[in-house]
> 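First, the structure itself, so that you have it in front of you.
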Amino acid sequence: VQLQASGGGLVQAGGSLRLSCAASGRTFSTVVMGWFRQAPGKEREFVAGIKRDGSRAYYAEPVEGRFTISRGNAKNMAYLQMNSLKPEDAGVYYCAAGGRTVVSGWGYEYDYWGQGTLVTVSS
């Protein structure tokens, strides 16, 4: 699977951004999708994940209630809607795809990664 993330940018605290991840190369509905982020000087961390059929989503505690992950299997797309952004949400956001049946918060469980898109949140 090839993944292409987009939608990052500069936003003021309290604002919103929608990230997109375009997938190609494998039947999209056979992979779970995840979003991870990495801030400067910090480890990459799980943000959100969604099951193959989109029936259930999982979120890291810091983003619960503010972010929404979704997918459109017919369009081979995954999305991350980010609302009420905080300066600590800034970083490079990566979409990832995995062939496992369960959504994991561990990066090593994902087989394919996009190139990342930068999110900057000004205070």
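Residues: numbered from 1 along the sequence shown. What you see is a predicted model, and the numbers here were worked out from it, not measured in a lab.
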> Looking at every non-hydrogen atom in both residues, tell me the closest pair between Leu3 and Ala23 and how far apart they are.
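Leu3 and Ala23 have their closest heavy atoms at CD2-CB, 3.6 Å.
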> Which atom pair, heavy atoms only, marks the closest approach of Leu118 to Val92?
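Closest heavy-atom pair between Leu118 and Val92: CD1-CG2, 3.9 Å.
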> If you take all heavy atoms of Ala13 and Ser123, which pair is closest and at what distance?
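Closest heavy-atom pair between Ala13 and Ser123: CB-CA, 4.3 Å.
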> Please test Leu80 against Phe67 for side chain to side chain contact (heavy atoms under 4.5 Å, CB included), starting from the C-alpha separation and ending with a verdict.
CA-CA 7 Å; Leu80 185 67; Phe67 290 14; 4.2 Å; yes
> Using 0.5 Å steps for rounding, measure from the CD atom of Gln4 to the OG atom of Ser20.
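Atom-to-atom, Gln4:CD and Ser20:OG are 11.0 Å apart.
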> Let me see the working for Leu19 and Met82 under side chain to side chain contact (heavy atoms under 4.5 Å, CB included), right down to the final yes or no.
CA-CA 8 Å; Leu19 306 184; Met82 305 187 295; 3.7 Å; yes
> Are Met77 and Leu17 co-members of a hydrophobic cluster defined by side-chain heavy atoms under 4.5 Å apart?
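As far as the 4.5 Å side-chain criterion goes, Met77 and Leu17 are not connected within one cluster.
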> Linking I/L/V/M/F/W/Y whenever any side-chain heavy atoms sit under 4.5 Å apart, do Tyr79 and Val11 land together?
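No; Val11 is not reachable from Tyr79 via cluster members.
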> Are Tyr59 and Ile50 co-members of a hydrophobic cluster defined by side-chain heavy atoms under 4.5 Å apart?
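They do share one cluster, since a chain of ILVMFWY contacts under 4.5 Å joins Ile50 to Tyr59.
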> Side-chain heavy atoms nearer than 4.5 Å, only ILVMFWY residues, links allowed to pass through others: does that put Phe46 and Ile69 together?
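Not linked; separate clusters.
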> Could you measure the distance from the OG1 atom of Thr68 to the CG atom of Asn83? Nearest 0.5 Å is fine.
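Going from the OG1 atom of Thr68 to the CG atom of Asn83 covers 6.5 Å.
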> Quick one: do Val119 and Trp35 end up in the same hydrophobic cluster if we chain Ile, Leu, Val, Met, Phe, Trp and Tyr together by side-chain heavy atoms under 4.5 Å apart?
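Yes, one cluster joins them.
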> Yes or no on side chain to side chain contact (heavy atoms under 4.5 Å, CB included) for Ser29 and Arg52, after CA distance, side-chain angles and deciding distance?
CA-CA 5 Å; Ser29 60; Arg52 294 175 175 181; 5.7 Å; no
> Angle class for the Trp113/Tyr94 ring planes (parallel below 30°, perpendicular above 60°, tilted otherwise)?
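Judged by the thresholds at 30° and 60°, the geometry between Trp113 and Tyr94 is perpendicular.
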> Where do Gly7 and Thr117 come nearest, in terms of heavy atoms and distance?
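Result for this residue pair: N-OG1, 3.9 Å.
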> To the nearest 0.5 angstrom, please state how far the CE atom of Met33 sits from the CG atom of Asn73.
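With rounding to 0.5 Å, CE (Met33) is 10.0 Å from CG (Asn73).
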> Stepwise, does the side chain to side chain contact (heavy atoms under 4.5 Å, CB included) test hold for Phe36 with Tyr110?
CA-CA 11 Å; Phe36 290 75; Tyr110 292 82; 3.5 Å; yes
> Given 3.5 Å as the limit, does a donor-acceptor pair link the side chain of Arg71 with the main chain of Lys51, or not?
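Side chain of Arg71 to backbone of Lys51: a pair is present.
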> Can you name the closest pair of heavy atoms from Ser104 and Glu109 and give their distance?
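For Ser104 and Glu109, the tightest heavy-atom pair comes out as OG-CG, 3.1 Å.
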> Do Asp89 and Arg37 sit within salt-bridge range, that is, some charged N less than 4.0 Å from a carboxylate O?
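Counted as a salt bridge, because a side-chain N and a carboxylate O are separated by less than 4.0 Å.
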> Give, for atom OG of Ser16 and atom CZ of Arg18, the distance between the pair rounded to the nearest 0.5 Å.
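Answer rounded to 0.5 Å: 12.0 Å.
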> Mind checking whether Gln38 and Glu43 have side chains closer than 4.5 Å, heavy atoms only?
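The answer is no; the side chains never approach within 4.5 Å.
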> Rounded to the nearest 0.5 Å, what's the gap from CD on Gln12 to OG on Ser122? Could you check?
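Interatomic distance, Gln12 CD to Ser122 OG, rounded to 0.5 Å: 5.0 Å.
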